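Accompanying notes for the structure given below.
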Amino acid sequence: MNGWGGHAGEYFDLSYIKTLFDRLIENGDVVPMIIVSACFYNDNSRRDFDGSIDELRAFHDEFRNDLMPAVESEFRTFAASVSDADLKASRDHRAFGGFSFGGVTTWLEFCYDSDYIRWFLPMSGGCWYCGTYEDYQFAQNVDFIEQLVRDSDLNARGWFVYHAVGTDDSYREMSVGMANEILSRGVFSAEHYVFYQKRDGIHNYRAVQEYLYNALPLFFRGVGK
């Protein structure tokens, strides 16, 4: 998922990201996968800051009702069909990640769509289920996540978040504050949550390249074919 002002296909416009995907698959570092460079904007979206926040907050419905069925009815995947039951049954084979506003969107996907997705990669973004920009409400968001994990029996069903940010990222505060709150609880093990900081990393796609390189080989581990 792109950040503020981005567009569908943005990751494939960047040759160093596209090549990374190809090389990881070619070298056997990741399982072969379908990668979709999605976007929370549509033709009529407002692209100012506040409008973008509105759009990313609504995306979880579009993912569940539109994007996921469209992709998985077009390509052969682990879902037997695009029925709700079959999409839920194939959650082990589905991941979601994003950068900046896309990182915020990724946390919201975890909060709303963990029945459909097992693996998450929020990059340079924190959870805004409670709060918003500069009102991050770390404790309330982690309270919600703890409750979600318990209520949805996610520890038994499996879940994994690889959370990443650069040490010089201009939006580092929201990622570090979120990570500190999660790690202070003592209930999130490395089996489920990893926080990575790129030394000297800034808020750009070169940092994203490293996050993808480190995170993607950890996804889909122990999942049957």
Side-chain angles (χ1 to χ4, degrees), residues 1 3 53 56-57 59-61 63-64 88 91-203 207-208 210-223:
M1 177 65 72
I53 292 175
L56 70 85
R57 286 193 178 281
F59 179 79
H60 63 92
D61 284 329
F63 173 84
R64 184 170 60 250
K88 288 179 177 178
R91 69 181 289 272
D92 287 352
H93 303 277
R94 200 170 293 114
F96 194 98
F99 168 62
S100 192
F101 267 14
V104 176
T105 308
T106 301
W107 278 112
L108 293 177
E109 283 298 303
F110 179 78
C111 292
Y112 288 107
D113 287 334
S114 58
D115 281 344
Y116 304 91
I117 306 167
R118 177 169 175 172
W119 314 89
F120 299 87
L121 176 54
M123 300 174 282
S124 302
C127 185
W128 296 0
Y129 185 86
C130 303
T132 186
Y133 179 62
E134 295 187 332
D135 178 26
Y136 299 130
Q137 300 188 28
F138 302 124
Q140 294 91 328
N141 280 300
V142 178
D143 285 344
F144 175 83
I145 289 170
E146 279 197 63
Q147 191 68 45
L148 174 66
V149 168
R150 287 194 297 268
D151 291 350
S152 299
D153 198 25
L154 289 184
N155 284 342
R157 296 165 61 202
W159 65 281
F160 180 69
V161 175
Y162 188 102
H163 187 192
V165 72
T167 59
D168 294 336
D169 192 302
S170 50
Y171 297 99
R172 178 174 175 267
E173 174 193 357
M174 67 170 147
S175 293
V176 171
M178 180 85 185
N180 286 341
E181 186 65 35
I182 289 174
L183 296 171
S184 73
R185 301 292 179 99
V187 297
F188 297 103
S189 70
E191 176 187 359
H192 300 301
Y193 179 79
V194 168
F195 182 57
Y196 175 77
Q197 294 190 71
K198 172 178 170 56
R199 186 184 300 276
D200 302 323
I202 63 174
H203 198 76
V208 167
E210 182 169 313
Y211 306 149
L212 292 166
Y213 178 82
N214 290 331
L216 290 181
L218 302 178
F219 286 11
F220 308 116
R221 296 170 301 171
V223 174

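Heavy atoms only: backbone and side chains are in, while hydrogens, waters and symmetry mates are out. Owing to the predicted nature of the structure, the values given are computational and were not obtained by experimental measurement.
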Atom [atom1] in [X], atom [atom2] in [Y]: separation rounded to 0.5 Å?
X	Y	atom1	atom2	value
Asp169	Asp200	CG	CG	12.5 Å
His93	Ile117	NE2	CD1	14.5 Å
Tyr112	Arg57	OH	CZ	7.0 Å
Trp107	Phe96	CH2	CZ	13.5 Å
Tyr136	Cys127	OH	SG	12.5 Å
Met1	Phe99	CE	CZ	14.0 Å

Just wondering, do [Y] and [X] contact through their side chains at under 4.5 Å, heavy atoms?
X	Y	answer
Thr105	Phe63	no
Ser114	Leu154	yes
Tyr133	Tyr171	yes
Ile145	Met178	yes
Leu121	Thr106	no

Do any pairs count as a salt bridge (charged side-chain N to carboxylate O under 4.0 Å, His left out) and have a residue in residues 106-120, sequence neighbours left out, and if so which ones? Arg64-Asp113, Asp92-Arg118, Asp115-Arg157
Which residue pairs satisfy the salt bridge (charged side-chain N to carboxylate O under 4.0 Å, His left out) criterion with at least one member in residues 186-198, sequence neighbours excluded?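 Output for this query lists Lys198-Glu210.
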Main-chain N/O of Gln197 paired with Arg172 side-chain donor or acceptor, under 3.5 Å: no
Does Gly166 offer a backbone N or O that forms a donor-acceptor pair with the side chain of Tyr211 under 3.5 Å? yes
Under the side chain to side chain contact (heavy atoms under 4.5 Å, CB included) rule, collect the residues that match up with Phe220, sequence neighbours excluded.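 Phe220: side chain to side chain contact (heavy atoms under 4.5 Å, CB included) contacts with Val31, Met33, Ala95, Trp119.
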Does a side chain donor of either Gln137 or Asn141 reach within less than 3.5 Å of an acceptor in the other side chain?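 Distance-only check fails for Gln137 and Asn141.
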Does Arg221 have more than 12 heavy atoms from other residues, nucleotides or ligands lying within 6.0 Å of its CZ? yes
Heavy-atom pair of closest approach, residues [X] and [Y]:
X	Y	value
Gly125	Ser175	N-OG, 3.2 Å
Ser100	Gly3	CB-CA, 4.2 Å
Tyr129	Cys111	CD1-CB, 3.8 Å
Met174	Gly126	SD-N, 3.5 Å

Which of these, Asn180, Val176, Val161, sits in a side-chain contact (heavy atoms from CB on, under 4.5 Å) with Phe195? Val176
Please name all residues satisfying salt bridge (Lys or Arg N to Asp or Glu O under 4.0 Å) with Glu146, sequence neighbours left out, ordered by chain then number.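 Partners of Glu146 by the salt bridge (Lys or Arg N to Asp or Glu O under 4.0 Å) criterion, ordered by chain and then number, come out as Arg150, Arg185.
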Considering residues at least two apart in sequence or located in another chain, which fulfil the salt bridge (Lys or Arg N to Asp or Glu O under 4.0 Å) criterion with Arg94? Glu72
Applying side-chain hydrogen bond (donor to acceptor under 3.5 Å, both in side chains), can you list everything that pairs with Tyr193, at least two apart in sequence or on another chain? His163
Audit row: Phe101, Ile53, side-chain contact (heavy atoms from CB on, under 4.5 Å) steps and yes/no: CA-CA 8 Å; Phe101 267 14; Ile53 292 175; 3.9 Å; yes
Give me the ring orientation class for Phe160 and Phe219: parallel if the planes are under 30° apart, tilted from 30 to 60°, perpendicular past 60°. perpendicular
